[in-house]
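We name chains A, B, ... by the order of the sequence lines, and we start the count at 1 in each one.
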2 protein chains.
Amino acid sequence: MSTAAVADTRPYHHGDLRRALVDAAARILEREGPSALSLRAVAREAGVSPAAPYHHFKDKNELLEAVAHVGWEALGEAMLDVRDKGADVQSLMTELGVAYVCFSQRHPALYRVMYDRSRDKDALPEGMQDKEDSAYCLVRETFKKVAGPEVADVDIELATIAAWCAAHGLAEMSGFAQFNPLREALGGDEAFLRGVLSHLGSFGNLRQDPAE
Amino acid sequence: MSTAAVADTRPYHHGDLRRALVDAAARILEREGPSALSLRAVAREAGVSPAAPYHHFKDKNELLEAVAHVGWEALGEAMLDVRDKGADVQSLMTELGVAYVCFSQRHPALYRVMYDRSRDKDALPEGMQDKEDSAYCLVRETFKKVAGPEVADVDIELATIAAWCAAHGLAEMSGFAQFNPLREALGGDEAFLRGVLSHLGSFGNLRQDPAE
DNA sequence: GGTGTTATCTAAACACCGTCCAGATCGGAC
DNA sequence: GTCCGATCTGGACGGTGTTTAGATAACACC
C-alpha cells in the first residue's frame, strides 16, 4: 500500500492537510459562524489532533490569513462577473457595489474573518492594489477608463478608496434590523441596496467638464 | 465606618462596581487593545474576583454592550461639536464625516467594540434613530433641513444610511497601510480624509432642482 | 439594637481555548 | 535497507468564560 492507494481515508501522511484545514475552517465558518472557529475545532473537523495544524501554520492567525485569502479571491471573482453590466459609470459602479455587498451577504462569516484580519494588520491583503484581477484594481481601472487621461491619478485613487469604503460600510451594515422597514418599503433587499448606492459616490467629480 | 466614609478604598459593599467595571474595561481597551479585554482582566483591573462581574452583567456580552454604549454617547457628543461648522451641506457633511472618523482614530479599540457588538446583533444601538441627540439623528436632521419638505422621507433616510455607511467604511479603513503614500502626498491624514469624503455622497441628489 | 433577608463578593471547579514539548510514525533519499 | 526529516499524537501549561456553593455585609423591620 501507500503511493498508489489514492482516495483512502488518509492518502498521504495525512494527505494535503494544509488545504484540508483551510477547507475545514471554511466549512465551520459557514455552518456555525466566526465565534465557533477555534483552532481545535478546525483540527477536529479535519480529523487530526489539536497540535497538527502547527506543522502547517505558525499560529491561528496564519490559518485565518489563509482562509481570508481564499475569501478575497472569491470576492474578486464575484465582482469580475459583473464588470460588463451597466452602460454608464454610475450604473456599472452600482452593479459592482451590489456584487460586493451580495458577496458579503452570502458569506457573512467569511467576510468578517477577511476584514478582521485586515483590521488587525491595518492593511488590505498584500498586493491587492497591484495584481490585475483583484477587486480593488477592477474598481480603479473602471474609474480610470471612464475618467480619461486628463484626470489626476490622485483623484482616481481617492475615488476608488471612497467607493471601497462605501461598499464595505454597506456590506457590514446592510443587514441591520433598523433598516428592515425601509427595505420592505422599497420592495426587497436589492432595491434597498441600489437605493443606498445611488446616494453614494459623486462619480461626476471625475469628469473634466464640471457642468456646475 | 460605613455610610459616612465617602472615598475609602471600598466605600460600599464594593462600591459602585457596575460603573467601576465599565471604567476598567475602557481603561484596558485604551491601554492594551481589544484582544486584551477578557472578563477576568476587567475583574482584575477593578480589583475583584473573576465571578464578581456576574452580579452586574449576565455575561461578557452584556458588559461589552455597556462599554459600547458609553462609546456611542461619546461619538454623538463629538459630532454635536461640529454641527455648526460648514456653510453649505457638502462642507457640513464633510465636517461631520471628519469628526466621525477622527473619533474612531482617537479610540480605535472602543470603536471596534462598538461595531463588533452591532455586527453580532445585526443592529445599531437601540433607539439610535429616535433619540434626538444621537449621531444618526444629527445626520438625518441635517439632510432634512437642507433638502426641504418636498423631498421624500425615503430619500432622506437613504441618504443618511449612505452617509453613515461611507463614514463607517472610512473609519475602519482610513489607517490601512496601503493608503500611506497617498496620505503623505496629500500632506497629512486630515487632508486625506477630506479628499476621500469629497468623493462620497452626491448630496445634490436631494435638491429639488436637478440641474441635470 | 438585634434579627432576618437580600444583594454582593469569593473560592473552587468545569470545559474549552491557543500553544508547546517529547516521542511515535512514516515517506523519501541515499 | 538504513537513515533523515517531515508529519502527526498525547499530554501538559496557563488562560478564558461561566457556574456553583458558601462567606460577608448592607438594609428593612420589629
**OP:** May I ask you to verify whether the side chain of A:Arg40 and the base of C:dG18 hold a donor-acceptor pair under 3.5 Å?
**Re:** yes
**OP:** Figure out the NZ/P separation between B:Lys60 and C:dC16, and round it to whole Å.
**Re:** 18 Å
Original post:
How about B:Tyr115 and B:Trp72: are their ring centroids closer than 6.0 Å?
Top reply: yes
Subject >> Rounded distance (Å) that lies between atom C1' of D:dT16 and atom CD of B:Glu45 >> reply: 18 Å
Original post:
Side chain of A:Ala51: nearest nucleotide among C:dT8, D:dG10, C:dT10?
Top reply: D:dG10
**OP:** Measure from the side chain of A:Tyr54, starting at C-beta and using heavy atoms only, and say which of D:dT19, C:dC20, D:dC8 lies closest.
**Re:** C:dC20
Subject >> A:His56 vs D:dA6: side-chain N/O to OP1/OP2 distance below 4.0 Å >> reply: no
**OP:** Answer yes or no: is there a side-chain heavy-atom contact under 4.5 Å between A:Asp16 and A:Arg18?
**Re:** yes
Original post:
Between B:Leu17 (CG) and D:dA25 (P), how many Å, whole number?
Top reply: 15 Å
**OP:** Quickly work out the B:Phe57 CZ to C:dA7 P distance and round it to whole Å.
**Re:** 17 Å
**OP:** Before accepting this row, confirm whether a basic side-chain N of the pair A:Asp120/B:Arg112 lies closer than 4.0 Å to the acidic partner's carboxylate O.
**Re:** yes
**OP:** Check every atom of C:dT10, D:dG17, D:dT9 against the side chain of A:His55 and return the nucleotide holding the closest atom.
**Re:** D:dT9
Original post:
Between B:Glu62 (CD) and D:dG17 (P), how many Å, whole number?
Top reply: 15 Å
Subject >> Ion pair check, B:Lys145 and B:Glu141, cut-off under 4.0 Å >> reply: no
Original post:
If you measure only the distance, is there a donor-acceptor pair under 3.5 Å linking the side chains of B:Ser174 and B:Gln105?
Top reply: yes
**OP:** With heavy atoms under 4.0 Å as the rule, sort B:Ser38 into base, sugar-phosphate or nothing.
**Re:** sugar-phosphate
Original post:
Can you check the B:Arg18 CZ to C:dA7 C1' distance for me, whole Å?
Top reply: 15 Å
**OP:** Grab the CG-P distance between A:Leu21 and D:dT7 for me, whole Å please.
**Re:** 12 Å
Original post:
Just checking A:Arg44: base, sugar-phosphate only, or nothing, at a heavy-atom cut-off of under 4.0 Å?
Top reply: sugar-phosphate
**OP:** Find the distance B:Leu37:CG to D:dG15:P and express it as a whole number of Å.
**Re:** 17 Å
